[in-house]
Each structure stands twice: as C-alpha cells, then as structure tokens.
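So the structure is just underneath, and the comments pick up after that.
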Amino acid sequence: MQSESQRSVRLRFAPSPTGYPHLGNIRTALFNWLFARRHDGIFILRIEDTDVARKVEGAVDIILDSLRWLGLDWDEGPYFQSQRLSIYRETAQRLIDEDHAYSCYCSPERLGAMRQEQMKRKQPPKYDRRCRDLTQQQGTELKAAGVTPVIRFKTPLEGETTFHDLIYGRVTFRHDTLDDFVLLKSDGYPTYHLANIVDDHFMDISHVLRAEEWLSSTPRHVLLYQALDWQAPQFAHLPMILGPDRAKLSKRHGATNINEYQKEGYLPDAMVNFLALLGWSLDDRTELLSREELIKHFSLERVGKTAAIFNKEKLEWMNGVYLRRLGLTEFVHRAMPFLDKSLPESVRRPLDEGYVSQVLSLIQERAKTLAEVPQLADFFFLDELLYDARLLSKGKLDAKSGIKAIMAASQKLEQAATWDAITLEGILRALATELKLPAGELFGVLRVAITGRTAAPPLFQTMAVLGKEKCLKRLEMALQLLEADLN
RNA sequence: GCCCCCAUCGUCUAGUGGCCUAGGACAUCAGCCUUUCAAGCUGAAGAUCAGGGGUCCGAAUCCCCUUGGGGGCACCA
C-alpha cells in the first residue's frame with residue numbers, strides 16, 4: 001500500500017518502428033505523456049525494434065519528429081531494445097534455470113501445419129507443448145543436429161490469472177486458454193512479451209498505458225512478472241481508435257499516419273486537444289482545452305471503455321477554431337511554408353511578408369487547415385486570372401449589362417484618389433444607385449472580375465489589398481472575356 | 001472455433017439509482033447578420049439509453065441472458 005503511493009511515476013511510450021505512427025499510437029503516447037506530466041513523473045521513450053524482418057527504414061525518425069511536432073517531450077531515451085539484447089538473454093536463461101522456460105526445437109513448418117490443422121478443426125490454435133518435457137539427452141541430440149531452438153515460457157497448466165486494470169477493472173484469464181508462448185526467437189532477439197516486461201522492470205515503469213488490443217496478452221506478462229518475482233506495474237488499457245468501418249486502424253484507412261496531418265496543415269495544439277477527447281473527457285461540455293488544462297485535469301478515471309471512431313470533420317472544426325485564435329503574425333508564420341510550397345511556380349519568391357500578412361488577415365477566419373490557405377488566397381498572388389467567363393454573367397446581370405457595369409466601375413475607380421476599403425465601398429455603392437442596380441448584383445460581377453470566383457473574402461478589402469493597378473487590369477480583362485462571350 | 005473486452009443521437013461524448021420528459025459538441029437543416037464566402041448568433045431535427053428478463057418504491061445507471069461490435073489467439077509488435 002505504502003510502496004504503491006511512494007513509487008515514483010514513470011511512464012513510457014514504446015512504439016515499434018515497423019511503420020509510421022498512426023493516430024492510435026499517438027493517442028497512446030499522448031495519454032502516457034499527460035499522465036506523466038500530471039503527476040510530475042518521468043516520460044520515457046523506448047523503441048521496440050526486435051523485429052528485424054519488419055523493421056521500416058526511417059520509421060524511428062518519423063516517430064521522433066511526430067512527437068516533437070506535437071510537443072510531447074520525453075525525459076529519457078530513446079532507448080533501443082536492439083541494443084539491450086544481453087539483458088533479455090540473461091533473463092531468458094534465468095527463467096530456464098528456474099524451470100519457468102524451456103528450449104523448443106519445433107520447426108516453423110511443423111508449427112504452421114499444426115496451426116492450420118487446428119483451425120480446420122475449429123480448435124483454438126495453440127502450441128502442443130511437444131518440447132516442454134524433453135529430457136536433457138533429447139535436447140542435446142537436437143542441438144547436435146543443428147537446430148537452433150526458441151525459448152518458450154512454461155505457462156502453468158492449471159489455474160487462472162487475475163489482474164486489476166485501471167480502466168477495465170478485474171480481468172481474469174484461465175491458464176488453459178493460454179499456450180507456451182515464445183520468449184526468445186531463434187535469431188536471438190526477444191519477443192515483445194519478454195523484452196517489454198524486462199524493460200518495464202529495469203526502467204522501473206510504474207504505469208503501463210497501452211491500447212486495448214494488449215489486454216489479452218496481459219496475463220502472460222503478469223505470469224512472467226510472477227515467475228521472475230518482480231513487481232508488475234499498474235496496467236491501464238486504453239479504448240481503441242477505430243476506422244470509419246469500425247475496424248482497427250490500418251494502412252487502408254487512408255490518412256491515419258500522423259505526419260499526414262502535419263502536411264495537411266493541422267495545428268499541434270488542435271491535434272492534441274482533439275486526440276485527448278478520443279477516449280477521455282473533462283465533463284459534459286468542455287471541449288476546448290489548452291495543453292496546460294489537459295495536464296491539469298487529465299485522469300484515468302475519466303477515460304472511457306468504448307472504442308472511438310475517428311471523426312475528421314470535428315478535427316477540422318477544431319483546427320479552424322485554433323487557427324482563428326492565432327495572432328496574425330503567428331498565423332502568417334505558420335501559413336508561409338504552405339504558401340511557399342503550393343502557390344504556382346509563376347508567383348515570384350520569396351513572398352513579400354508584408355503583403356502576405358495583409359492577404360492572410362482576410363483568409364484566416366476562412367481556413368480550416370493551413371494546407372487550404374494557398375487555395376483560398378491564390379488570386380492575390382497570380383498575375384493573370386484563369387476562370388470561366390460564364391461566372392461573370394451567372395447572376396441576374398447578363399453579359400451586356402455586365403459590360404456596362406464593369407466599364408462604369410472602371411471609370412469611377414480610375415478617378416479614385418485614395419484606395420482603401422471604405423473609399424471603395426463609397427464609390428461602388430454610389431455607382432450601384434446610379435446604375436439602378438441592387439448593390440449585391442454589382443458587387444457580384446465585380447467579385448468575379450477581381451477574384452475569378454464567386455466566393456471570396458469581402459470585395460472592398462480584397463481590392464484594397466490588391467491595389468489599384470491590379471484591380472483595373474482585372475476589370476479590363478473581364479470586359480474582354482464578356483465581349484468575347486457575346487460574339 | 002476458443003478467450004477477453006465493450007454497447008447512450010450518424011460521429012465524439014456527459015451520465016456511477018431519483019436533478020433525465022437523457023445534457024453538450026461536430027456534422028445536417030432552417031432563420032438572423034450580410035456584397036458572396038467564412039465566422040458569429042438563434043432555432044430545428046436527431047438516442048423507445050442494442051433487445052429481453054430480473055432486483056428495487058424507483059433504473060441509461062445494479063444482476064442475468066440474448067444479440068451486435070471490437071480485440072486477441074505468430075520464432076509481429
């Protein structure tokens with residue numbers, strides 16, 4: 001009891017570099033991080049690279065980058081299991097010495113065939129324990145024949161294991177539903193089960209927060225801790241994040257890799273806020289929480305048990321909220337790389353920061369992601385607009401009256417002494433009255449002429465930013481289009 | 001097939017026996033604002049709390065069964 005509360009809080013995020021981290025992995029990292037920070041604990045990063053065959057080049061860097069991007073800073077590590085092989089081998093040897101493990105010489109072929117046969121007979125696929133009670137002589141013979149064994153755990157044949165999960169409560173597994181799982185592979189690398197508990201023990205991990213998919217391997221881990229006479233950490237299994245088809249997140253679910261979200265222009269703070277709400281909630285109404293608030297309020301008691309489906313639309317909304325909350329300077333700073341990357345090549349670089357700033361003040365509240373900023377703003381940068389001439393006469397004004405209106409507007413604007421939104425509005429409203437046109441119709445035609453589209457930021461502010469010369473040029477161009485349309 | 005877990009609006013969720021004729025958010029629809037879009041505001045629609053049995057004066061909340069969904073069952077993690 002006392003030792004429990006005294007034990008220092010040490011959490012770890014332990015991804016395997018067999019692919020890029022997806023939303024589920026990152027949510028696990030986030031909860032570990034939040035819990036560690038909440039309790040002034042230590043957050044450790046450990047790379048579980050024990051699968052040589054499935055290792056993906058560059059995955060480690062992407063994992064580190066993703067954590068850095070989201071601001072999930074770690075206090076220790078990254079540790080690499082591939083550099084700690086001797087510890088696992090020693091532990092495996094100790095288990096053999098103490099009769100908790102044994103060498104198994106069965107070939108992968110035999111095991112595969114057996115599994116298939118069992119499945120065919122609709123029986124649970126389990127190792128038949130053929131090597132469990134090999135005599136020393138039999139073992140020596142097999143070894144002499146050149147077979148490299150794996151080390152298997154001697155799972156108790158009878159009884160059951162119960163553990164207390166911080167989220168799911170009491171969970172019990174009968175031993176006869178388990179089999180003698182592999183601890184050490186024939187290539188000398190440990191399996192997840194061995195490496196994981198050895199590291200958690202020696203790294204003095206106090207709480208293991210991991211996805212629910214691990215729940216059914218927990219009894220094996222508990223059994224291992226018991227066999228080694230080590231104190232097990234507290235387990236907390238987190239509800240899964242599922243794809244829209246309600247299945248476990250995988251490659252076929254499209255953009256689930258976290259770096260995709262960075263590329264799509266989501267803000268780290270929005271991402272963290274959103275992910276925190278997948279499986280955790282503060283109360284019945286609070287949804288927007290800063291990093292500090294999340295740390296302050298995070299608790300396992302408020303983590304749910306039901307799997308969540310990731311809902312991108314809500315993320316977009318939340319990202320929009322965070323985008324709008326940014327100061328203009330910060331917004332410009334964040335959006336600049338996206339403009340740089342996605343604006344057409346014809347646009348001169350480097351972009352003028354003063355001009356970009358004026359433009360983006362009109363774009364900020366219209367963007368849900370940074371990646372759509374270039375799309376929303378490109379007409380501010382383009383020299384020549386390319387658009388369908390029919391947009392000009394799409395409203396109630398036909399081509400003829402459109403021409404008339406644009407010509408009149410050009411004339412008035414040419415004489416404008418000053419060029420700001422208020423002045424422009426004055427001039428054009430007066431013109432609408434003069435032409436006996438509803439203001440909205442006149443503005444509509446001009447909007448298309450100026451921006452090349454029917455939906456855009458407010459017309460007068462847009463014109464003010466673009467400047468007199470460019471605006472008049474665009475009106476001229478619209479006239480040509482309309483005239484061509486008439487013929 | 002076996003084992004484990006879960007089950008409230010389309011989605012994320014609040015709810016731990018009476019405050020629930022079930023609350024909030026996203027999305028949807030309508031209206032307002034308005035030069036378009038966006039934002040904002042207001043409102044609507046949307047869950048017989050998976051179904052069926054109990055327990056109780058009283059059940060979304062406790063128990064059981066059924067159904068459904070998910071996860072696990074590798075010399076992968």
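No experiment lies behind these values; they were computed from the predicted model shown. Reckoned from all heavy atoms, side chains included, excluding hydrogens, waters and symmetry mates. Here is the naming used below: chain letters follow the sequence lines, and residue numbers restart at 1 for every chain.
- Looking at heavy-atom distances under 4.0 Å, A/R324 makes contact with sugar-phosphate atoms alone, never a base.
- In this structure, A/S281 and A/R302 approach most closely via the heavy-atom pair O-NE, 2.7 Å.
- The phosphate of B/rG1 has neither OP1 nor OP2 within less than 4.0 Å of any side-chain N or O from A/R121.
- We find that CD of A/Q123 is positioned 13 Å from P of B/rG1, with the value rounded to whole Å.
- A gap of 27 Å separates the P atoms of B/rC5 and B/rG10, to the nearest Å.
- B/rA25 atom P lies 12 Å from atom CG of A/D283, rounded to whole Å.
- No side-chain heavy atom of A/L278 sits less than 4.5 Å from a side-chain heavy atom of A/L23.
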N/O-N/O pairs, protein side and nucleotides 75-77 of chain B side, under 3.5 Å:
{"from": "B/rC75", "atom 1": "OP2", "to": "A/R152", "atom 2": "NH2", "distance (Å)": "3.3"}
{"from": "B/rC75", "atom 1": "O2", "to": "A/S186", "atom 2": "N", "distance (Å)": "2.8"}
{"from": "B/rC75", "atom 1": "O2", "to": "A/S186", "atom 2": "OG", "distance (Å)": "2.6"}
{"from": "B/rC75", "atom 1": "N3", "to": "A/S186", "atom 2": "OG", "distance (Å)": "3.0"}
{"from": "B/rC75", "atom 1": "N4", "to": "A/C106", "atom 2": "O", "distance (Å)": "3.4"}
{"from": "B/rC76", "atom 1": "OP2", "to": "A/K185", "atom 2": "NZ", "distance (Å)": "3.0"}
{"from": "B/rC76", "atom 1": "O2'", "to": "A/D51", "atom 2": "OD2", "distance (Å)": "2.4"}
{"from": "B/rC76", "atom 1": "O2'", "to": "A/R54", "atom 2": "NE", "distance (Å)": "3.2"}
{"from": "B/rC76", "atom 1": "O2'", "to": "A/R54", "atom 2": "NH2", "distance (Å)": "2.9"}
{"from": "B/rC76", "atom 1": "O2", "to": "A/R54", "atom 2": "NH2", "distance (Å)": "3.1"}
{"from": "B/rA77", "atom 1": "OP1", "to": "A/T50", "atom 2": "OG1", "distance (Å)": "3.0"}
{"from": "B/rA77", "atom 1": "OP1", "to": "A/K185", "atom 2": "NZ", "distance (Å)": "2.5"}
{"from": "B/rA77", "atom 1": "OP2", "to": "A/Y192", "atom 2": "N", "distance (Å)": "3.1"}
{"from": "B/rA77", "atom 1": "O3'", "to": "A/E48", "atom 2": "OE1", "distance (Å)": "3.4"}
{"from": "B/rA77", "atom 1": "O2'", "to": "A/S16", "atom 2": "OG", "distance (Å)": "2.9"}

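- Taking the P atom of each, B/rU48 and B/rC64 are spaced 25 Å apart, rounded to whole Å.
- On the C1' atoms, B/rU21 is 46 Å away from B/rC2, given to the nearest whole Å.
- For the pair A/E301 CD and B/rU16 P, the interatomic distance rounds to 15 Å; values are reported in whole Å.
- Using a 4.0 Å heavy-atom distance criterion, A/A247 is classed as a sugar-phosphate-only contact.
- Checked against ring-ring contact (aromatic ring centres under 6.0 Å, His included), A/F31 has the following partners two or more places apart in sequence or in another chain: A/F298.
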For nucleotides 44-50 of chain B, list the nitrogen or oxygen atoms of the protein found under 3.5 Å from its nitrogen or oxygen atoms, one pair per line.
none

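- For the C1' atom pair drawn from B/rA50 and B/rG70, the interatomic distance equals 15 Å after rounding to whole Å.
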Please write out the pairs of protein N or O atoms and N or O atoms of nucleotides 26-31 of chain B separated by less than 3.5 Å, giving the distance to one decimal.
{"from": "B/rC26", "atom 1": "O2'", "to": "A/K314", "atom 2": "N", "distance (Å)": "3.3"}

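- When the P atom is used for both B/rU34 and B/rC19, the distance is 44 Å, rounded to whole Å.
- Comparing the P positions of B/rA25 and B/rA45 gives a spacing of 15 Å, expressed to the nearest Å.
- With B/rA14, B/rG70, B/rC12 as the choices, the nucleotide that has an atom nearest any side-chain atom of A/A308 turns out to be B/rC12.
- A gap of 12 Å separates the P atoms of B/rU16 and B/rU61, to the nearest Å.
- Partners of A/D420 according to the salt bridge (Lys or Arg N to Asp or Glu O under 4.0 Å) rule, which considers only residues two or more places apart in sequence or in another chain, do not exist here.
- Taking the ring-ring contact (aromatic ring centres under 6.0 Å, His included) definition, one finds that A/F80 meets it with nothing, sequence neighbours left out.
- In this model, the phosphate group of B/rU13 is not approached by any side-chain N or O of A/R285 to a distance below 4.0 Å at OP1 or OP2.
- Between A/V373 and A/A367 the shortest heavy-atom distance is CG2-CB, 4.0 Å.
- In this structure, the side chain to side chain contact (heavy atoms under 4.5 Å, CB included) partners of A/P233, at least two apart in sequence or on a different chain, are A/V208, A/Y225, A/F235.
- B/rC2 is paired with B/rG72 under the criterion used here, namely a Watson-Crick or G-U wobble arrangement in which both key atom distances are under 3.5 Å.
- Taking a pair to require two hydrogen-bonding distances under 3.5 Å in either a Watson-Crick or a G-U wobble arrangement, B/rG43 pairs with B/rC29.
- For A/R453 and A/F379, the positive end is not near the middle of the six-membered ring at less than 6.0 Å and at most 45° from its axis.
- In this model, a donor atom of one side chain and an acceptor atom of the other lie less than 3.5 Å apart for A/D199 and A/Y88.
- Shortest non-hydrogen contact noted between A/C471 and A/L466 is SG-CB, 3.9 Å.
- Under the side chain to side chain contact (heavy atoms under 4.5 Å, CB included) criterion, A/Y322 pairs with A/L267, A/D269, A/A270, A/N273, A/L288, A/M318, not counting sequence neighbours.
- Partners of A/K412 according to the side chain to side chain contact (heavy atoms under 4.5 Å, CB included) rule, which considers only residues two or more places apart in sequence or in another chain, are A/I427, A/L431, A/E434.
- The CZ atom of A/R246 sits 10 Å away from the C1' atom of B/rG10 (whole-angstrom rounding).
- Annotation: proximity of residues 436-448 of chain A to RNA chain B (heavy atom, distance under 4.0 Å) is found for A/F443, A/R447, numbered in ascending order.
- Across the strands present, B/rU16 finds no partner; the criterion is a Watson-Crick or G-U wobble pair with both atom distances under 3.5 angstrom.
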Expected rows: protein N/O vs nucleotides 3-5 of chain B N/O, under 3.5 Å:
{"from": "B/rC5", "atom 1": "O2'", "to": "A/E212", "atom 2": "OE2", "distance (Å)": "3.2"}

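- Using a cutoff of 4.0 Å between basic side-chain nitrogens and carboxylate oxygens, A/D200 and A/R46 are scored as salt-bridged.
- Counting non-hydrogen atoms under 4.0 angstrom, A/G112 reaches nothing in the nucleic acid.
- For residues 183-193 of chain A, the set of pairs meeting the side chain to side chain donor-acceptor pair (under 3.5 Å) definition, not counting sequence neighbours, comprises A/Y192-A/N196, A/Y192-A/R210, A/H193-A/H221.
- In this structure, A/F460 and A/L446 have side chains that are not in contact, with every pair of non-hydrogen atoms separated by 4.5 Å or more.
- The nucleotide whose nearest atom lies closest to any side-chain atom of A/I309 is, among B/rU35, B/rA39, B/rC12, B/rC12.
- Here the closest heavy-atom approach between residue A/L392 and residue A/A449 is recorded as CD2-N, 3.8 Å.
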Query raised in the report: Can A/E330 and A/R334 be said to form a salt bridge (charged side-chain N to carboxylate O under 4.0 Å, His left out), step by step?
Result: CA-CA 6 Å; A/E330 178 69 10; A/R334 298 257 181 190; 3.0 Å; yes
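- The base-pairing partner of B/rC62, taking Watson-Crick or G-U wobble contacts with both distances under 3.5 Å, is B/rG54.
- Distance check on atom P: B/rA39 versus B/rA30 gives 15 Å, rounded to whole Å.
- Across all strands, A/L277 comes closer than 4.0 Å only to sugar-phosphate atoms, never to a base (heavy-atom distances).
- Across all strands shown, B/rA7 pairs with B/rU67; the Watson-Crick or G-U wobble distances both stay below 3.5 Å.
- Within the nucleic acid shown, A/R110 has no heavy atom closer than 4.0 Å to any nucleic acid atom.
- Base contact: A/P458 has a heavy atom under 4.0 Å from a base atom.
- Listed here is the closest heavy atom pair of A/T28 and A/A211: OG1-N, 4.3 Å.
- A salt bridge does not link A/D176 to A/K126: none of the charged side-chain nitrogens sits closer than 4.0 Å to a carboxylate oxygen.
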